[in-house]
Enquirer: 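Quick one: structure below, then a few questions.
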Amino acid sequence: MYKSQEELFNLLSGAFNVKLRLINKEYNYIKKIDIWNYLKINKWCKAKNLTLSEMVNDIINITIDELIEKFKKYNNNEKDIELIRRAYDYAEKKHFGQKRISGDDYILHPLNVALILTEISADAPCMAAALLHDTIEDSDATKEEIEKLFGSEVALLVDGVTKLNKINFTSDSEASAAYQRKILVGLSEDVRVIIIKLADRLHNMRTLDVMSEEKQKKKAKETLEILTPVAHRLGIYKIKSELEDLSLRYLKPDAYFDIVEKLNQKKVERDAAVSKMMDEVSSLLKEHNIPHEIKGRSKSIYSIYNKLAKGKPFSDIYDILALRVFVDTEQECYIALGLIHSKYKPVPKRFKDYIAMPKTNLYQSLHTTVFGIDGELLCVMIGI
Ligand code: MN
């Protein structure tokens, strides 16, 4: 047996030949999860040719050009692009020489915050403000100077985020959490201030492993109690569910890594599996001239955790990957079901007809679970 976790770790890291920074990151994980979980997860990582840190935490070394490429996918306005580039140049100058605790150049943080915002198609002032969001707090930049250089809209957003960051949110009860959510929303005259704050927190949560365990737990708790409910109310589910997953990872690491191991897939892979099924089901329905709309999602680790916490065994969770199909008539619901069952083998006893027998809340749809692409279980709901 190994004498200590450290000894085992040295052995493993030697075998993996990973970079020094990654080794430190992995060592942080080992301290948090028990050795057997670590070995199980590591076996899987090796099979997938990933390091542990890559699996849980994508390290993104993005440049301004790459960021602008992402922005251009939904906005090609030259003036907007110029504003973003100028904001970057200014922030880069102001943060020059500053490092994050991880050792990364500081500018990578605002770049990543802005990158997160491209995923929800944020506008140019919001992107510029994201790049500038820490300049007032961490350099000699002032609101006046930012206003002069980038206009009052950007200056108000940067100032708003700076003000929010000064508040130390801590909650010891649900009542105080609710109160602090109110403060957070009330302080932000422009909703984009909260959105930047959420993206800021998301990047900080993604890179939280360099912090002390005490700080990790505190941040994770605050995120879960104060920020995710606000993200939920704003309807920014993408940010909300990643924040929840990351919070869980620090608050209940054993439970989190246990689910990660059982899922045996990264979130991006699960999302890809769902979107592949969406395409297949959609063309199947098109072939038979059934007008439809399809939405898909893969269940977050946090919501799986909540199901397990209610006593449900993992093997009974059938909706890790799910599709929601909307058609025009009741009859088409049954036709769509027949088509789906004829192409994908249904799982026995998983079919429910809430059209013939509506739930008490009048919810009407057909539920089934099928073996999708590569035999992966997929829950399908068909309704009007
Ligand atoms: Mn920040």
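Indexing begins at 1, ligand by ligand and atom by atom, following the structure's order. For the single chain, residues carry numbers from 1 onward in sequence order. Atom set for the values below is all heavy atoms of this structure, side chains included, hydrogens, waters and symmetry mates excluded.
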Enquirer: Establish, for the pair Lys359 and Tyr354, whether the NZ or CZ atom is under 6.0 angstrom from the six-membered ring centre and no further than 45 degrees off its axis.
Expert: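 Yes, Lys359 sits over the ring of Tyr354.
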
Enquirer: Do any N/O/S atoms of His203 come under 2.8 Å of the Mn ion (ligand 1)?
Expert: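 Short answer: no, not a single N, O or S atom is under the cut-off.
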
Enquirer: Examine the side chains of Tyr106 and Asp134 and answer whether a donor and an acceptor come within less than 3.5 Å of each other.
Expert: yes

Enquirer: If you stand at the Mn ion (ligand 1) and look out to OD2 of Asp134 and NE2 of His109, what angle do those two lines make, to 10°?
Expert: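 If I round to 10°, I get 90°.
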
Enquirer: Under 6.0 Å from the ring centre and within 45 degrees of the ring axis: does the NZ or CZ of Arg350 meet both conditions for the six-membered ring of Tyr318?
Expert: yes

Enquirer: Within a 6.0 Å radius of atom CZ on Phe314, are there more than 12 heavy atoms belonging to other residues, nucleotides or ligands?
Expert: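 Yes - once you tally the heavy atoms of other residues, nucleotides and ligands closer than 6.0 Å, there are more than 12.
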
Enquirer: In degrees, rounded to 10 degrees, what angle do Asp200 atom OD1 and His133 atom NE2 make at the Mn ion (ligand 1)?
Expert: 90°

